[in-house]
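One structure is given here, and the rest of the page talks about it.
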2 protein chains.
Amino acid sequence: MTKTQQVRLARRPSGLPGTDTWNVTTEDLPALGEGEILVKIDYISLDPAMRGWLNDVRSYLPPVGLGEVMRSLDIATVVESTHPDFAVGDAVSGTFGVTEYAVSDGKGVTKIDLGVAPGPTWLGALGMPGMTAYFGILEVGKLKAGETVVVSAAAGAVGSVVGQIAKANGATVIGIAGGAEKCRILTEELGFDAAVDYRGEDVLHRLRELAPEGIDIYFDNVGGDILDAALANLRRGARIVLCGAVSAYNDEKLRPGPSRYMSLLVFRASMTGFVVFDYADRYPEAVAAIAGWIAEGKLKSREHIVAGGVAQFGETLNMLFSGGNTGKLVLAL
Amino acid sequence: MTKTQQVRLARRPSGLPGTDTWNVTTEDLPALGEGEILVKIDYISLDPAMRGWLNDVRSYLPPVGLGEVMRSLDIATVVESTHPDFAVGDAVSGTFGVTEYAVSDGKGVTKIDLGVAPGPTWLGALGMPGMTAYFGILEVGKLKAGETVVVSAAAGAVGSVVGQIAKANGATVIGIAGGAEKCRILTEELGFDAAVDYRGEDVLHRLRELAPEGIDIYFDNVGGDILDAALANLRRGARIVLCGAVSAYNDEKLRPGPSRYMSLLVFRASMTGFVVFDYADRYPEAVAAIAGWIAEGKLKSREHIVAGGVAQFGETLNMLFSGGNTGKLVLAL
C-alpha cells in the first residue's frame, strides 16, 4: 500500500482562498491494476487559472468538485508500472493533482525529456505557460516582425515567455510588471525593450511615451485598469489577446469591464479570447520551437521554486495573487 | 447670388445636444468657379455617429469645428454646373452638410440613379447604413449560412438592414428593439425570426430561450447592458461586431465597459470594431448586392422621413437618442 498526502477542496472560497478552503488528508492508494502506473510527484504547477476552477460556474473546464483532489499539472517520476508505454524511472507530465503519489491509466500523461530541460521548465516555458504564450502571441495575436507588443504580468510565467517569443520574432516588446526588481529583470535579463512599473508609473501615459505610434498587440494577463490603458494606446488594426484577468480572479462579483472598449472601433481593433487546450494537437510544434529558442539562448525560462510539502499548496497558490513570484511558480515536493 | 440657410455648430454640447448647440444662419453662397457645381439639398441624413463628431476628441473623423457647418451626408440635385462630370438635374450624394444649397468641386460627390430607388433609400439601405450593415455582417462578422445572428437597435437604419442581409444569407436572426410596435415590424414586415423588446423583457434570459445553443454573431449598435446580455449568451467561436454604442453617445464621461467581456475567453470569441469608410472602394459591390435583394423582395428599406427646414435639424437629430425613429431617419427639405 502506498500512502499519499493530498489536498482536497473543502469549501468554495469567496475572494482569496483561505486555509479553510483546503483539506489535507493522508490516504492509501489502490494497488496497480493492469495498464496502470504509480507516479511520485516531483513538481506541482501553480496557475492563476486554478482560482477559476474553484468557482461553481460554467467555464472552459468544469469546476473542481467539493471533496475532490485539487486539480493540478505535475511533473512526476514513474515508480511502478504495468503499462506497456511507461517504465520505472520515466519522467512524465500529467494532471495528477495536488498529491504526493498518484495512480493513473496513462491517459493524458506525456513522457518528457529531462535532457532538454529540467522538470520545472516543463511546467513553465515548455509547459502550459509556454504553450499559452506561443499560440496566444503567434496564432491569436498574429504577430508580424516589426510590430510593437505590450504584455502585462510580464514577469509572470506566461508573460515572460510571450515577450521573449515576440522578441525572437522581430517585435519591439514592452512589459508591464509590478516593482522595480521585476522591471529590471525584464529589460536586463529577458531582453525586453522597455518595462513599465504599474505600481509606480502612470501606465497609460508611459505607454504613450514608449509607443507613440501605438500598440499592435496587447497581450492581456490582468484586465482592469491596465487593459484600459492599453485600449487608449492602440494602433490601427491592433489585436488584443485575452489570456486572463488575474486582477479579477478573486472578485466576488463582476467588476466593470474595460470602459475604453470602444477604442476597438476607432482603431479597427479586435479583442479575442482563447483557451490553450484548443491547440493541444499542436503542442509538439510549440515545444520544439521553444526548446530551439532556449538552446539558441534567445529564451530564458524563469521558474520560482518553492520547496515544501503538498500542505504548503494553499499559501503558495496565493503568492500568484499578491505578485510574489517572478516567472513560473512551482511547488517542489 | 444664392442664399442658403444652414446650421452651424455654436457650442459643444455636454449630454444631449440642446438648442444652444446650433446656430441657424442665412448666408450668400459664392458664384461658381470653373469645375464646380451648385446643388440644392433634398434630403439630409441623420446618424447616431453625428453625436460623436460634436466632441473634441480624436476619433475616426476629426470633430466638427466650432462655427463650422454641421457635417451631414445629403441627397441633392445639381442646379448649376461648370463641372464636366455633372449636369443640371443630376441626382447626387455627398457630404454637403446641413444646408439648403451648397457649392462643391465634385470631390466625394457620387451620382445616384433614382430609377433604382428613391432619394431617401440612397441614405438608408443603399447609403452609409446599408454599407455599414453589409461590410459589418459579411466581412467583419464573417457570417456563414445556418448561424444565429442577434442585432441590437434592430429597427434602426443599420440594424434593419443587418438583419435582412443575414436572413438573405441563410442565418436565423433575432432583433432587439424598444417597444412592441418595433418588434412587430421586425418579425411581420422585415422577416426576422424573433424579436426581443428590451423595454419589456429581460434580454439576457430571452436570448437564452431564443438561442439556447448560443449566438454566433452579435452585431452591436448600442453597447451597455444589451452588450452584456449578448456576451452571456455566446456560442464557441462567436464574433461580436462593434458598430456603435448609441446608449453612451450622450454620456459626459466614460461608462463602465461590458463587465462580461471575459466571456470572450470562455467562448473563444472576438469583439471587433470597424469603420465603414475603410471599405469605400467596395461600396459599388455592396450597392449592387443590396439593390439586387431589394429587387428580389428580400430586403425592404425603411425610412422615417421628417419634412421640414434645416432649422429642424437639431430636434430631428435627437429623435435618434430617444428611439423615436423606425428605420433610417431623414430630414426632407
Side-chain angles (χ1 to χ4, degrees), chain A residues 49 52 55 57-61 132 135-136 139-142 214 220-225 227-228 231-234 236-249 251 253-279, chain B residues 49 52 55 57-61 132 135-136 139-142 214 220-225 227-228 231-234 236-249 251 253-279:
Chain A
N55 296 333
V57 294
R58 183 170 74 143
S59 187
Y60 60 94
L61 275 182
T132 302
F135 294 105
E139 292 290 318
V140 184
K142 298 183 173 62
D220 183 50
N221 289 307
V222 301
D225 291 343
L227 173 54
D228 267 324
L231 278 162
N233 285 289
L234 299 182
R236 194 161 158 172
R239 290 87 69 199
I240 293 178
V241 180
L242 283 185
C243 183
V246 72
S247 72
Y249 282 161
D251 289 359
K253 54 180 185 176
L254 287 172
R255 295 210 282 185
S259 53
R260 294 183 182 273
Y261 80 103
M262 285 300 284
S263 284
L264 297 176
L265 193 154
V266 176
F267 295 105
R268 294 80 157 159
S270 64
M271 182 152 75
T272 305
F274 79 108
V275 172
V276 67
F277 307 133
D278 296 347
Y279 298 90
Chain B
N55 296 334
V57 294
R58 183 170 75 142
S59 188
Y60 60 95
L61 275 182
T132 302
F135 294 105
E139 292 291 318
V140 184
K142 300 184 171 60
D220 183 48
N221 289 306
V222 300
D225 290 343
L227 173 53
D228 266 324
L231 278 161
N233 285 289
L234 300 182
R236 194 161 157 172
R239 289 85 71 197
I240 294 179
V241 180
L242 283 185
C243 185
V246 72
S247 72
Y249 282 160
D251 290 0
K253 55 181 184 175
L254 287 171
R255 297 209 281 182
S259 53
R260 293 182 183 274
Y261 80 102
M262 285 298 285
S263 283
L264 297 177
L265 193 154
V266 176
F267 295 106
R268 293 82 156 156
S270 64
M271 182 152 76
T272 305
F274 78 108
V275 171
V276 67
F277 308 132
D278 295 346
Y279 297 89

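Letters go in sequence order (proteins before strands), and every chain restarts at 1. Remember, it's a predicted structure, so these values are computed and weren't measured experimentally.
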Just wondering, do B:Val222 and B:Leu227 contact through their side chains at under 4.5 Å, heavy atoms? no

Over 60° means perpendicular and under 30° means parallel, so classify the ring planes of A:Tyr279 and A:Phe274, tilted if in between. perpendicular

So how far is it from B:Leu61 CG to B:Phe277 CZ, rounded to the nearest 0.5 Å?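 Here the rounded value is 4.5 Å.
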
A:Leu234 versus chain B, the contacting section by heavy-atom distance below 4.5 Å: neither

Heavy-atom proximity to chain B below 4.5 Å, by part of A:Arg239: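 Neither the backbone nor the side chain of A:Arg239 comes within 4.5 Å of chain B.
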
Which heavy atom of B:Thr132 sits nearest to which heavy atom of B:Cys243, and what is that distance? CG2-SG, 3.4 Å

Quick check for you: among B:Asp228, B:Asp278, B:Val266, which has the greatest number of heavy-atom pairs under 4.5 Å with chain A? B:Asp278

